[in-house]
Amino acid sequence: MASLRVQNLHLPAIGSTKTTHRRLNYCRAAINFPSNLSPKGAAAFQNLVPVIKLDELAQNQQYIVITEIVKRKPLGSPKESRLLVAKLQTIAEAVADRVEMHDIIGRQRNNWNHLFLHSINSFALSASLLTGISASLPSDLLALKLSSMLLLSAAGGMMLIVNKIQPSQLAEEQRNATRLWKQLGREIDQMLSKKSNLTKQDVNLAMDKVHALDKAYPLPLLPGMLEKFPEHVEPTCWWPKKQIKQNPTLVNLDKCEGNGWSQELEEAMTGLKNVLKMKDESYYVELGKLVLGINKGLAVSGPAIAGLAAIATGFVDSPIGGSWAPVASIVGGALVAVLNTFEHGAQLGMIFEIFRNCPGLYQKIQEDIDCNLSEPEVELRENGDVFATRVALQLGRSLSELKDFAVFASPSCKVEDMKEFASKLF
């Protein structure tokens, strides 16, 4: 916003209307400029709205200091409005295309999980059966031993690939992406329905949301795939980070009223943010770490056992193998099927992805709360009633239940004092 600062300006006549804000008191003045101004200077003054701090304005004072003159934002021309609508429609088309792509790829990767699961189990159990038959026959059948070794080796190799890409987690990523892309498409449709109120900031925000979603849920498998075994478990972030305003030092302590906001609502939102951060978010991050550790152990042990079972199969009916080789081969094949079923049948990768998305949602709610509470002008915030309703629905709570979190608004509140979670949905 452009501004012009003028010092010691003589104003022949001033008519003012006082407006009270929460942080500072301002005076918006209508300036009657002298008649001897040039036409160019008069036109410039007509496009300006003076904003004068009351603490520097004395009543009946002829010489005052104008600390800031803010230029009025010009209205967009019809050509600019049509251009903004065209850009937003282009983004909407791209979003609709993303929805279809993520939906198709999600179903494909879900099929991968089922196909790999049953194929690996079939290989491992068939190998155990062939080894048992070979050990029970009086003569050494080389074909059965080689077939068993081949099946166990193939099962171990497939497990290495499947454990690396985690198809169940890939499918869950695409399901989340499809849902979020549809949500973004609805937001853009709502903006397009209000064509007269479109701004360049709306278009830029929509573009930022598209880029954030592309980064959070990439389409490519290799390269570009999200790390399935990260060193640090962090919540998923699928939205562009907002610039949180730092609250200035309070000039007066008037209660913040208006636009659906009240002191009680602010305290409830502050307490809710503390509970989300200290209890809900940390709880799901710890669960994610636990599931990740179990999944890592299974991802390593499964292929290793398959390889050992394949080696043991080679010693069946040999002097070195004795009686332990058939047992190791048969039990190893069965154990491979059990571990594979537990890892991919239980879809631990999908569970880990859920435990990353839940704290991601909680972080987004915290950021929305901070964004609103850091804005000193209540009229510039989202309507308080609407915001509270949206947060309550996201957490599966009623509006009356949100008020109970006001007791946790104090910075000295500890997690031991929080008896229940903020969210009832997860």
Side-chain angles (χ1 to χ4, degrees), residues 109-137 140-172 221-222 225-231 233 287-353 355:
R109 292 174 180 175
N110 189 48
N111 289 336
W112 283 1
N113 186 60
H114 293 291
L115 291 173
F116 280 124
L117 170 65
H118 297 306
S119 298
I120 292 172
N121 287 350
S122 299
F123 286 2
L125 295 176
S126 298
S128 296
L129 179 61
L130 291 176
T131 302
I133 295 173
S134 176
S136 63
L137 294 176
D140 183 14
L141 292 180
L142 182 61
L144 293 179
K145 290 172 55 177
L146 290 178
S147 298
S148 179
M149 291 177 63
L150 179 61
L151 288 172
L152 286 171
S153 300
M158 290 174 65
M159 289 183 76
L160 283 174
I161 298 173
V162 174
N163 293 343
K164 174 65 178 177
I165 64 176
Q166 293 290 317
S168 65
Q169 187 172 347
L170 291 174
E172 181 64 19
L221 183 63
L222 292 173
M225 179 181 67
L226 294 177
E227 178 60 43
K228 297 301 179 286
F229 299 100
E231 295 183 2
V233 178
L287 282 181
K289 292 178 180 178
L290 175 63
V291 173
L292 180 63
I294 296 173
N295 203 15
K296 277 183 179 179
L298 294 174
V300 173
S301 60
I305 293 175
L308 293 174
I311 295 173
T313 304
F315 294 99
V316 174
D317 292 332
S318 67
I320 301 177
S323 61
W324 65 266
V327 174
S329 177
I330 295 171
V331 174
L335 191 56
V336 165
V338 170
L339 295 178
N340 182 63
T341 301
F342 185 70
E343 180 180 7
H344 299 290
Q347 301 189 18
L348 294 184
M350 180 201 69
I351 296 174
F352 172 67
E353 186 64 24
F355 288 161

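Residue numbers run from 1 in the order of the sequence given. Scope of the values below: all heavy atoms of this structure, side chains included, with no hydrogens, waters or symmetry mates.
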Open item on the list: With rounding to the nearest 0.5 angstrom, report the OG1 to CG distance, Thr313 to Leu144.
Closed with: 11.5 Å

Open item on the list: Would the distance check show the side chain of Thr131 and the main-chain N or O of Ala127 forming a donor-acceptor pair, the cut-off being under 3.5 Å?
Closed with: yes

TODO: List the atom of Ser128, the atom of Ala334, and the distance in Å for their closest heavy-atom pair.
DONE: OG-N, 3.4 Å

- [ ] Starting at CG of Leu117, measure out to OG of Ser122 and round the result to the nearest 0.5 Å.
- [x] 9.0 Å

Task: Least distance between heavy atoms, Ala310 atom then Met149 atom - done: O-CG, 3.6 Å

Open item on the list: What I'd like to find out is whether the side chain of Phe352 reaches to under 4.5 Å of the side chain of Val233, using heavy atoms alone.
Closed with: yes

Open item on the list: Counting C-beta onward and ignoring hydrogens, is there a side-chain heavy-atom pair between Leu170 and Leu221 closer than 4.5 Å?
Closed with: yes

TODO: Please say whether more than 12 non-hydrogen atoms of neighbouring residues, nucleotides or ligands are located less than 6.0 Å from NZ in Lys296.
DONE: yes

Open item on the list: Looking at Phe229, I'd like to know if its CZ atom is crowded, meaning that more than 12 non-hydrogen atoms belonging to other residues, nucleotides or ligands lie closer than 6.0 Å.
Closed with: yes

Open item on the list: Checking Leu152 against Ser329 for the side chain to side chain contact (heavy atoms under 4.5 Å, CB included) test, could you report, in this order, the C-alpha distance in whole Å, the side-chain angles of both residues, the deciding distance, and whether it holds?
Closed with: CA-CA 9 Å; Leu152 286 171; Ser329 177; 4.1 Å; yes

Task: Exercise: identify the closest heavy-atom pair between Ala124 and Ala155 - done: N-CB, 4.5 Å

Task: Spacing of CG belonging to Leu290 relative to CG belonging to Asn295, to within rounding of 0.5 Å - done: 11.0 Å

Task: Value rounded to 0.5 Å, distance of CG in Leu222 from CD1 in Ile165 - done: 8.0 Å

TODO: Rounded to the nearest 0.5 Å, what's the gap from CG on Leu129 to OG on Ser147? Could you check?
DONE: 11.5 Å

Task: Sub-4.5 Å side-chain heavy-atom contact between Ser168 and Leu348 - done: no

Open item on the list: Among Glu353, Lys228, Arg109, exactly one meets side-chain hydrogen bond (donor to acceptor under 3.5 Å, both in side chains) together with Gln169. Which residue is that?
Closed with: Glu353

Task: CG-CD1 distance between Leu151 and Ile120, expressed to the nearest 0.5 angstrom - done: 12.5 Å

Task: Shortest non-hydrogen separation from Pro303 to Met159 and the atoms involved - done: CG-CB, 3.9 Å

Task: Geometric class of the His118/His114 ring pair [parallel <30°, tilted 30-60°, perpendicular >60°] - done: parallel

Open item on the list: According to side-chain hydrogen bond (donor to acceptor under 3.5 Å, both in side chains), does anything in residues 339-352 pair up with another residue at least two apart or in another chain? List the pairs.
Closed with: Asn121-Asn340, Asn121-Thr341, Asn163-His344, Gln166-Glu343

Open item on the list: Any non-hydrogen side-chain atom of Ser148 less than 4.5 Å from a side-chain atom of Ser134?
Closed with: no

